[in-house]
*Asks:* 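First, the structure itself, so that you have it in front of you.
Just so we're on the same page: letters track the sequence lines, and every chain starts at 1.
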Protein chains: 2
Amino acid sequence: MYRYREIYSDIKRDILTNHYRAGTLLPTQEILTEKYAVSRLTLKKALNLLADEGLISSKQGSGTYVRPRMDNQTGELLPLDIPIGVTYSHRDQKISSQVLYFNARLPNAKEQQNLQIEASQPVYEIKRVRLVNDQKYSYEHTIMPVTIAPLDETILQGSVYDYLGTYAKIQLTDARRVVYAEGADQETASALDLAVGAPTFAIEQIAYDQKGRAFEYSVSRFTSERSKFVLDIHLNRLY
Amino acid sequence: MYRYREIYSDIKRDILTNHYRAGTLLPTQEILTEKYAVSRLTLKKALNLLADEGLISSKQGSGTYVRPRMDNQTGELLPLDIPIGVTYSHRDQKISSQVLYFNARLPNAKEQQNLQIEASQPVYEIKRVRLVNDQKYSYEHTIMPVTIAPLDETILQGSVYDYLGTYAKIQLTDARRVVYAEGADQETASALDLAVGAPTFAIEQIAYDQKGRAFEYSVSRFTSERSKFVLDIHLNRLY
DNA sequence: TAGTGGTCTAGACCACCTG
DNA sequence: AGGTGGTCTAGACCACTAC
């Protein structure tokens, strides 16, 4: 474990337990370096992590403020910037999948472009309904090059990302998401028990691994009543 | 200007012009420190900025890779993580506003909670239709404490954020956005010339200034055909 | 003017990957 | 075993804010 991560966790705990109160100044960097017996750079790395999360904000000449915290009533809200699959977002909930379609074919033009592959390179096509506590939750249409890893229906019941990580050493490190509202078409409506034209929330995602290869292109549609997403934005970081 | 920012810009240009080609290794950090005549820390700050943007990814022991770039066909797509108002997102486009409602009143319970204010502290209530190239684009319902800055209808024609920055020295540094799909209600439908029940994309936003004060709570609804949003996610950064 | 955070250096050691 | 990136130090100077 790294020293700056320890300090980060320590100060974070002190903020979250109101030992350092919102709106007040943190001790100066000099005092904190003495407290933790580290150099100023190491301390600043820890503070940068806290600033990334929006917990503090520093101002040259005046000091480092503890920011009031946003309400974390993230009960029903799903974080939009953590694309680790529905599985992780709903910890403590029962997750399952119905595989409606599973096959392989050649990619169309849009899929070739999004996955950076040739027309001759086959892809898996997967359609799944995801359920949370046995309630229909989202309808996913996924395209994945077959060269990434062999798939079968058993794997598709669980978390594909977990399987890719252990089997093919592929980690999702980057993703591009395009989000929009859309009226349900015939296929989506029947998969999610909605009326045709009912509003759905769509997330179109291209997932990239640690080497920058696109390994998945998917469109997920969510029922609008049950699904709101949250995104926290922090612009105060310079470096 | 800071040295690490110069180096960041320099290397970024070299990547974007394919001087450093995607998939290849960058020169070692030692060589780059010699090239720019800086310490390794300064160079690493520059590299961290590039990693933040997903342009490179470093691996201990092997080197720093130039990542293949995602397509930047951001023509119609609006970035979801830059909440600087529609004004900036649509540069080169003609932006205007129709103020449908403007008044002051006491806040309800939800507004008090979101803006962290007392029930006795009055707020402005604003309803605007935003137009891009004279086409109706979004319908915004905004709540703002009157103590932040005095507003009038003239200001509301333009960019409120610009006004707050110059007049009240308030900068938007953090925001929480909740996004979801919703069928248009009567009011939204008539404001945007939609049918009741037509799918809309909603962004509910709480904006915070540099001191962590909430200064705006708003709900913006977008017509679904014209509005898709993009969000690039990078998980490869440790610190 | 004093105090704060922001930047930068030169050098050291460690962890990890590839031959 | 050699080379790479990741961490950390001790100290210096600069930029900004407050009084």
*Asks:* Under the side chain to side chain donor-acceptor pair (under 3.5 Å) test, which residues partner B:D10, sequence neighbours left out?
*Replies:*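 If we apply the side chain to side chain donor-acceptor pair (under 3.5 Å) test to B:D10, skipping adjacent residues, the hits are B:R13, B:Y36.
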*Asks:* How many Å lie between CG on A:L47 and P on C:dT7, as a whole number?
*Replies:*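 The distance from CG of A:L47 to P of C:dT7 comes to 13 Å, rounded to the nearest Å.
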*Asks:* Sugar-phosphate means primed atoms, P, OP1 and OP2; the rest is base. With that split, encode nucleotides 12-19 of chain D 5' to 3' as B, S or - using protein heavy atoms under 4.0 Å.
*Replies:* B--BBB--
*Asks:* Expressed as a whole number of angstroms, how long is the span from A:Q29:CD to D:dT9:P?
*Replies:*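 So the two atoms are 14 Å apart, to the nearest Å.
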*Asks:* Using the side chain to side chain donor-acceptor pair (under 3.5 Å) criterion, which residues pair with A:Q29? Sequence neighbours excluded.
*Replies:*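 Partners of A:Q29 under the side chain to side chain donor-acceptor pair (under 3.5 Å) test: A:R40.
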*Asks:* Who are the side chain to side chain contact (heavy atoms under 4.5 Å, CB included) partners of A:E34, not counting sequence neighbours?
*Replies:*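 By the side chain to side chain contact (heavy atoms under 4.5 Å, CB included) rule, A:E34 matches A:E30.
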*Asks:* Could you tell me the separation between the CG atom of B:L26 and the P atom of D:dT4, rounded to a whole number of Å?
*Replies:*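 Value for this atom pair: 13 Å.
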*Asks:* Does OP1 or OP2 of C:dG5 have a side-chain N or O of A:T64 closer than 4.0 Å?
*Replies:*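 Answer yes for this pair, as a side-chain N or O of A:T64 is under 4.0 Å from OP1 or OP2.
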*Asks:* Are OP1 or OP2 of C:dT7 and a side-chain N or O of B:Y4 less than 4.0 angstrom apart?
*Replies:*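 Yes.
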*Asks:* Specify the separation, in whole Å, of atom CD1 of A:I7 and atom C1' of D:dT7.
*Replies:*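 Distance, rounded to whole Å: 12 Å.
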*Asks:* Give the rounded distance in Å between these two atoms: CG of A:L32 and C1' of C:dG5.
*Replies:*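 These atoms are roughly 12 Å apart.
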*Asks:* For a quick check under 3.5 Å, do A:E53 and A:Y8 share a side-chain donor-acceptor pair by atom type?
*Replies:*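 Indeed, the side chains of A:E53 and A:Y8 share at least one donor-acceptor pair under 3.5 Å.
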*Asks:* Would you please confirm or rule out a distance under 4.0 Å between OP1 or OP2 of C:dG11 and any side-chain N or O of B:S39?
*Replies:*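 No, outside the criterion.
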*Asks:* For residues 142-158 of chain B, please give each side-chain donor-acceptor pair under 3.5 Å, one per line with the distance, not counting sequence neighbours.
*Replies:*
{"unit_1": "B:T147", "atom_1": "OG1", "unit_2": "B:Q121", "atom_2": "NE2", "d": "3.2"}
{"unit_1": "B:D152", "atom_1": "OD1", "unit_2": "B:T154", "atom_2": "N", "d": "2.9"}
{"unit_1": "B:D152", "atom_1": "OD1", "unit_2": "B:I155", "atom_2": "N", "d": "3.0"}

*Asks:* How many whole angstroms separate atom CD of B:E30 from atom P of D:dG2?
*Replies:*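 Interatomic distance, CD of B:E30 to P of D:dG2: 16 Å.
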*Asks:* Atom CZ of A:R5 to atom P of C:dA15: distance rounded to whole Å?
*Replies:*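 The answer, rounded to whole Å, is 17 Å.
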*Asks:* Can you tell me if the side-chain N/O atoms of A:T42 get under 4.0 Å from OP1 or OP2 in D:dT9?
*Replies:*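 It does, given that an N or O in the side chain of A:T42 lies less than 4.0 Å from OP1 or OP2 of D:dT9.
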*Asks:* Tell me: NZ of B:K44 to P of D:dT4, nearest whole Å?
*Replies:*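 For the pair B:K44 NZ and D:dT4 P, the rounded distance is 15 Å.
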*Asks:* Under the rule for salt bridge (Lys or Arg N to Asp or Glu O under 4.0 Å), what residues qualify as partners of B:R21, not counting sequence neighbours?
*Replies:*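 Salt bridge (Lys or Arg N to Asp or Glu O under 4.0 Å) list for B:R21, sorted by chain: empty.
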*Asks:* Give a yes-or-no answer on whether the side chains of A:Y161 and A:Q171 include a donor-acceptor pair shorter than 3.5 Å.
*Replies:*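 No pair is found: no donor N or O on one side chain lies under 3.5 Å from an acceptor on the other.
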